[in-house]
Asker: 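Have a look at this one.
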Amino acid sequence: MSRLIYILNGPNLNLLGKRQPAIYGYETLADVEKECRELAKELNLEIRFHQSNREYEIIDWIHEAREIAGGIAINPGAFTHTSVAILDALNTFDHPIIEVHLSNIHKREAFRHHSYVSPIASGVIAGFGTQGYPFALRRLAKLLDTEKK
Ligand code: DQA
């Protein structure tokens with residue numbers, strides 16, 4: 001099983017640290033990437049870390065992951081609540097998917113309560129801020145290790 005993990009981030013997450021810090025915190029996406037890279041070494045994982053404001057780009061990365069990766073951690077941002085296309089792409093991926101949200105989407109506006117991704121995710125992390133990403137990586141490493149046995 002491939003130990004390559006795709007960590008995908010959707011729209012507006014490039015502004016992490018500057019955007020509504022009361023909700024999303026002061027850490028930047030570069031901070032998150034750095035932490036994930038350090039943890040990946042410890043877990044013997046390779047990662048590809050991406051962010052895009054464009055739906056098609058996220059879909060293209062999922063298609064790429066389909067060929068080579070053993071897991072995906074994805075924070076689809078607002079596409080979580082709107083994108084059947086991202087759901088369809090994720091449905092072509094045969095390995096574990098963890099959905100990550102910085103905020104607790106269930107505590108927020110009603111339109112954020114529904115996720116197209118959750119029904120097909122192995123796990124969902126919401127409301128742990130940037131800590132959610134290392135949690136997702138640890139969980140994917142664990143799932144890869146058990147898949148192997
Ligand atoms: C988010 C939650 C979404 O509702 C929102 O549109 C985002 C970020 C989160 O990480 O909490 O852009 O996915």
Side-chain angles (χ1 to χ4, degrees), residues 3-43 45-66 68-144:
R3 293 191 71 81
L4 174 64
I5 303 295
Y6 272 58
I7 304 176
L8 302 177
N9 294 280
N12 301 304
L13 289 164
N14 53 313
L15 294 181
L16 195 61
K18 297 184 199 141
R19 164 201 188 204
Q20 297 181 283
I23 297 175
Y24 298 115
Y26 288 94
E27 270 189 292
T28 66
L29 202 63
D31 296 331
V32 174
E33 179 172 357
K34 185 167 178 277
E35 193 177 347
C36 287
R37 291 203 178 281
E38 281 163 12
L39 179 63
K41 269 188 223 151
E42 194 186 301
L43 297 172
L45 296 172
E46 195 192 323
I47 61 169
R48 298 217 176 139
F49 193 101
H50 296 297
Q51 185 277 331
S52 182
N53 296 323
R54 302 169 191 85
E55 194 174 19
Y56 78 87
E57 222 162 7
I58 296 165
I59 293 165
D60 285 348
W61 286 322
I62 296 167
H63 292 178
E64 203 179 273
R66 212 178 155 259
I68 51 179
I72 294 177
I74 182 166
N75 181 349
F79 291 149
T80 308
H81 320 297
T82 61
S83 182
V84 175
I86 288 178
L87 168 66
D88 284 350
L90 288 170
N91 263 325
T92 74
F93 186 74
D94 290 332
H95 304 293
I97 296 162
I98 306 283
E99 178 182 353
V100 179
H101 298 286
L102 297 143
S103 63
N104 178 359
I105 54 176
H106 303 289
K107 199 179 158 188
R108 300 182 63 194
E109 303 96 320
F111 64 83
R112 294 186 205 274
H113 298 176
H114 174 261
S115 162
Y116 279 101
V117 176
S118 297
I120 56 118
S122 301
V124 181
I125 296 169
F128 289 84
T130 54
Q131 272 187 295
Y133 289 81
F135 289 163
L137 266 190
R138 284 188 191 281
R139 179 64 185 157
L140 286 168
K142 176 86 177 167
L143 291 172
L144 284 180

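In this chain, numbering begins with 1 at the start of the sequence shown. Keep in mind the model is a prediction, meaning the values are calculated, not measured. Every number for a ligand or one of its atoms is a count from 1 in the order of the listing.
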Asker: Out of all atoms in ligand 1, which are within 4.0 Å of some heavy atom of Tyr24? Include the element for each.
Answerer: 5 (C), 7 (C), 8 (C), 9 (C), 11 (O)

Asker: Under 4.0 Å, heavy atoms only, figure out whether ligand 1 is touched by the backbone of Arg19, its side chain, both or neither.
Answerer: side chain

Asker: Should Ala78 be counted as touching ligand 1, given the test is an N or O pair under 3.5 Å?
Answerer: yes

Asker: Determine the interplanar angle of the Tyr6 and His50 rings, folded into 0 to 90°, and report it as parallel if under 30°, tilted if 30 to 60°, perpendicular if over 60°.
Answerer: tilted

Asker: Atom 9 (C) of ligand 1: which protein heavy atom is closest, and how many Å away?
Answerer: Leu102 N, 3.4 Å

Asker: Among side-chain atoms of Glu99 and Thr80, is any donor-acceptor pair under 3.5 angstrom?
Answerer: no

Asker: So does Arg112 have more than 12 non-hydrogen atoms from other groups sitting under 6.0 Å from CZ?
Answerer: yes

Asker: Where does Ile105 meet ligand 1, judged by heavy-atom distances below 4.0 Å: at the side chain, the backbone, both, or neither?
Answerer: side chain

Asker: Can you tell me which portion of Asn75 lies within the under-4.0 Å heavy-atom range of ligand 1? Options are side chain, backbone, both, or neither.
Answerer: side chain

Asker: Return the closest protein heavy atom for atom 11 (O) of ligand 1 as residue, atom name and distance.
Answerer: Ser103 OG, 2.6 Å

Asker: Do Tyr133 and Asn75 pair up side chain to side chain, a donor and an acceptor below 3.5 Å, judged on atom types alone?
Answerer: yes

Asker: For His101, is at least one N or O under 3.5 Å away from an N or O on ligand 1?
Answerer: yes

Asker: Looking at atom 5 (C) of ligand 1, what's its closest protein heavy atom, distance included?
Answerer: Arg112 NH1, 3.3 Å

Asker: When you measure from the side chain of His114 to the backbone N and O of His81, does any donor-acceptor pair fall under 3.5 Å?
Answerer: no

Asker: Counting distance only, does the side-chain N/O of Asp94 pair as donor-acceptor with the main-chain N or O of Arg66 below 3.5 Å?
Answerer: no

Asker: When you measure from atom 4 (O) of ligand 1 to every protein heavy atom, which one gives the shortest distance, and what is it?
Answerer: His81 NE2, 2.7 Å

Asker: Mark yes or no for whether Asp31, through its side chain, and Thr28, through its backbone, hold a donor-acceptor pair below 3.5 Å.
Answerer: yes

